[in-house]
Amino acid sequence: MLREAGLEVGPGRVSDALHGLDAVELARRDDVYWTLRQTLVSRAEDIGAFDRAFAAWFLRVPELAPPRTPEAQRARAVRTASRDGKEDAAEGVDGEERAAGWSPDEVLRRKDFSELSRDELAKLRLLIAELAATRPQRRSRRLRRTPRGTTLDLRRLVRASLATGGDPVDRAFRKRVETHRKLIVLCDVSGSMEPYSRAILLFVHGLLESGRGVEAFAFGTRLTRLSDELSGPDPERALEEASKRVVDWSGGTRIGASLKAFNDLWGRRALSRGAVVVIVSDGWEREHARLVGREMARLQRAAYAIVWVNPLKGNPDYQPLAEGMRAALPYVDRFVAGHNLASLEELAGLLAGIERRHAA
């Protein structure tokens, strides 16, 4: 319910909440409320949504917290339409009334990328691009003028005081500007990822079009930078250029060697320092997994946070048994699925408010 309301509730926060509940009286509503609010809410603007969700769940107040993002609003509307369609069908209404309540968009949202036709993927292209417009933020060192700032703008204050004989009557304030955090995407284009590569690269193309500070790489048996090839207004042309650039497309997988190449070349240029790194892979490594763990440790020391997107995680029975995946997980801050549009919506929401795991 909190995720639907727009809050980022990852495994770290859930774990903190459970530990907190162990230490309080569960029969005392205030204890439960403040424990959950302290552990599950990280931003002041989320408190209202949390309060409504708490009341809806624990007090059975019939008011669900409204979704905070346009994507969440669209998802909720589609779910409502789909649910209404099922209820109408159960009551035996005619075909026209059922069509009014049923949404084909919901089917596409939940359909696995590996099962999509080219026409279906083309229909999702604009939705995927909209999702990618959401970027992780950080506080810049630059200051801008604002009446609600906390830092005095001494230069403007002195300049304004000249008109009042040196008395600082009008005080000017500044505060730090919110700006995009660097975002790096490493996408596995090996044979095992082929059913998902095209949809994921459409998402990466949208990220590149969202503004500066995004870098894209593909890897199979080697690492290839795709930031230039995947840029441009036409996503189909961008994907065509990217496929020409990657010589080992749909080949083998050398995750450890590719991560080492990235750390050795681009890590030395401080590209990953303070960045959110998104790795899209199923974790299948054809070489020894120890190299994966060693290079993930190097990457974690430089990056702000690491998000691993595994399409196989969309299967409820999935377990990270692949050696490469098991070696990487200790250094991953968020481990999410990426098998359909709904999972990309969750990924976009996660990136918008990403935090380091040890800060959760």
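In this chain, residues are counted from 1 in sequence order. When reading the values below, keep in mind they use all heavy atoms of this one structure, side chains included, and skip hydrogens, waters and symmetry mates.
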Worksheet item: Are the side chain of Thr221 and the backbone N or O of Gly252 linked by a donor-acceptor pair below 3.5 Å?
Response: no

Worksheet entry | Closest approach of Ile128 to Ala199 (non-hydrogen atoms, all atoms of both residues) | CD1-O, 4.3 Å

Response to the item:
One should read off an interatomic distance between Leu127 CG and Leu131 CG, to the nearest 0.5 angstrom, of 7.0 Å

Worksheet item: If every non-hydrogen atom of Gly232 is compared with every non-hydrogen atom of Glu209, which pair is closest and at what distance?
Response: N-OE2, 2.9 Å

Practice prompt. Mark yes when over 12 heavy atoms from residues, nucleotides or ligands other than Trp284 sit less than 6.0 Å from its CH2; otherwise mark no.
Written response: no

Discussion item. To the closest 0.5 Å, what do you measure between OH (Tyr196) and CG (Leu201)?
Written reply: 14.5 Å

Worksheet entry | Step-by-step side chain to side chain contact (heavy atoms under 4.5 Å, CB included) determination, Phe113 to Leu344 | CA-CA 11 Å; Phe113 287 140; Leu344 290 187; 3.7 Å; yes

Worksheet item: In the single-linkage hydrophobic clustering (I, L, V, M, F, W, Y; side-chain heavy atoms under 4.5 Å), do Leu223 and Leu291 co-cluster?
Response: no

Item to complete: Might you confirm whether atom CD of Gln38 has over 12 heavy atoms from other residues, nucleotides or ligands at distances under 6.0 Å?
Response: no

Item to complete: Any chance you could lay out the side chain to side chain contact (heavy atoms under 4.5 Å, CB included) test for Val189 and Ile200, step after step, and finish with the verdict?
Response: CA-CA 10 Å; Val189 293; Ile200 295 296; over 6 Å; no

Worksheet item: Measuring from Leu186:CG to Arg225:CZ, what's the distance to the nearest 0.5 Å?
Response: 12.5 Å

Discussion item. Give me each pair satisfying ring pair (Phe, Tyr, Trp, His ring centres under 6.0 Å) with a member in residues 211-242, each pair once, sequence neighbours excluded.
Written reply: Phe217-Phe262, Phe217-Trp266

Discussion item. What I want to find out is whether Glu8 reaches Arg3 closely enough, with some N-O distance under 4.0 Å, to be called a salt bridge.
Written reply: no

Going by atom type alone, with no hydrogens or angles, which donor-acceptor pairs under 3.5 Å involve a side-chain atom of residues 311-329 and a protein atom two or more places apart or on another chain?
| unit_1 | atom_1 | unit_2 | atom_2 | d |
| --- | --- | --- | --- | --- |
| Asn315 | OD1 | Asp317 | N | 2.9 |
| Tyr318 | OH | Asn310 | ND2 | 3.1 |

Discussion item. If I compare all heavy atoms of Leu7 with all of Val41, which pair ends up nearest, and what's the gap?
Written reply: CD2-CG2, 4.0 Å

Discussion item. With a 4.5 Å cut-off on side-chain heavy atoms, are Val332 and Val307 touching?
Written reply: no

Worksheet item: With Glu240, which residues qualify under side chain to side chain contact (heavy atoms under 4.5 Å, CB included), at least two apart?
Response: Lys244

Fill in: Any donor-acceptor N/O pair, Glu229 side chain to Leu239 backbone, under 3.5 Å
no

Item to complete: For Ala53 and Met1, work out which heavy atoms get closest and say how close.
Response: O-SD, 3.5 Å

Practice prompt. Kindly compute the distance separating CD (Glu287) from CD1 (Ile255), expressed to the nearest 0.5 Å.
Written response: 10.5 Å

Discussion item. Go through it in stages, so that I can follow the logic: the residues are Asn340 and Ser343, the test is side-chain hydrogen bond (donor to acceptor under 3.5 Å, both in side chains), and I'd like the CA-CA distance, side-chain angles, deciding distance and then a yes or no.
Written reply: CA-CA 5 Å; Asn340 58 17; Ser343 64; 3.1 Å; yes

Discussion item. Could you check whether Phe50 and Tyr33 have their ring centres less than 6.0 Å apart?
Written reply: yes

Worksheet item: Do Arg13 and Ser42 come close enough that some side-chain heavy atom pair is under 4.5 Å?
Response: yes

Discussion item. Please determine whether residues Leu126 and Leu124 belong to a single hydrophobic cluster, defined as Ile, Leu, Val, Met, Phe, Trp and Tyr linked transitively by side-chain heavy-atom distances below 4.5 Å.
Written reply: no

Item to complete: List for me each residue that meets salt bridge (Lys or Arg N to Asp or Glu O under 4.0 Å) alongside Glu120, sequence neighbours excluded, and say none if there are none.
Response: Lys111

Fill in: Evaluation steps, side-chain hydrogen bond (donor to acceptor under 3.5 Å, both in side chains), between Ser117 and Asp119
CA-CA 5 Å; Ser117 65; Asp119 291 340; 5.2 Å; no

Worksheet item: Would Leu350 and Glu346 satisfy side chain to side chain contact (heavy atoms under 4.5 Å, CB included), going step by step from the backbone distance to the final call?
Response: CA-CA 6 Å; Leu350 186 153; Glu346 295 179 6; over 6 Å; no

Practice prompt. Please identify each residue that fulfils salt bridge (Lys or Arg N to Asp or Glu O under 4.0 Å) with Asp51, with sequence neighbours left out.
Written response: none

Worksheet item: What's the shortest heavy-atom distance between Asp333 and Ala305, and which atoms?
Response: OD2-CA, 3.3 Å

Worksheet item: Under 4.5 Å between any side-chain heavy atoms of Val32 and Phe54, yes or no?
Response: yes

Discussion item. Check this for me: does any side-chain nitrogen of one of Asp31 and Arg28 sit under 4.0 Å from a carboxylate oxygen of the other?
Written reply: yes

Response to the item:
Separation between CD (Glu295) and OH (Tyr331), nearest 0.5 Å, reads 11.0 Å

Discussion item. Do Arg198 and Leu121 have side chains that approach each other closer than 4.5 Å (heavy atoms only, starting at C-beta)?
Written reply: yes

Worksheet item: Is it true that atom CZ of Arg286 has more than 12 heavy atoms of other residues, nucleotides or ligands lying nearer than 6.0 Å?
Response: yes

Response to the item:
Closest non-hydrogen contact found for Gly20 with Thr35 is C-CG2, 3.5 Å

Worksheet item: Are side-chain heavy atoms of Ile184 and Ser272 found at a separation under 4.5 Å?
Response: yes

Worksheet item: So, are Arg298 and Asp264 salt-bridged, with charged N and O less than 4.0 Å apart?
Response: yes

Discussion item. Contact between Met296 and Leu259 at the side-chain level, heavy atoms closer than 4.5 Å - yes or no?
Written reply: yes

Worksheet item: Roughly how far, to the nearest 0.5 Å, is NE2 of His339 from CD of Glu115?
Response: 9.5 Å

Worksheet item: Is a salt bridge present between Asp46 and Arg43, judged by a nitrogen-to-oxygen distance below 4.0 Å?
Response: yes

Worksheet item: Where do Val280 and Val278 land on the side chain to side chain contact (heavy atoms under 4.5 Å, CB included) test, with the steps shown first?
Response: CA-CA 6 Å; Val280 185; Val278 179; 4.2 Å; yes

Discussion item. Could you check whether any side-chain heavy atom of Leu230 comes within less than 4.5 Å of a side-chain heavy atom of Leu207, counting everything from C-beta outward?
Written reply: no

Worksheet item: Sequence neighbours excluded, which residues qualify as side chain to side chain contact (heavy atoms under 4.5 Å, CB included) partners of Thr224?
Response: Arg222, Leu226, Arg245, Val246

Worksheet entry | Residue of the set Ser281, Ser258, Ser197 for which side-chain hydrogen bond (donor to acceptor under 3.5 Å, both in side chains) holds with Asp188 | Ser281

Worksheet item: Got Leu108 and Leu116 here, is their nearest side-chain heavy-atom distance under 4.5 Å?
Response: yes

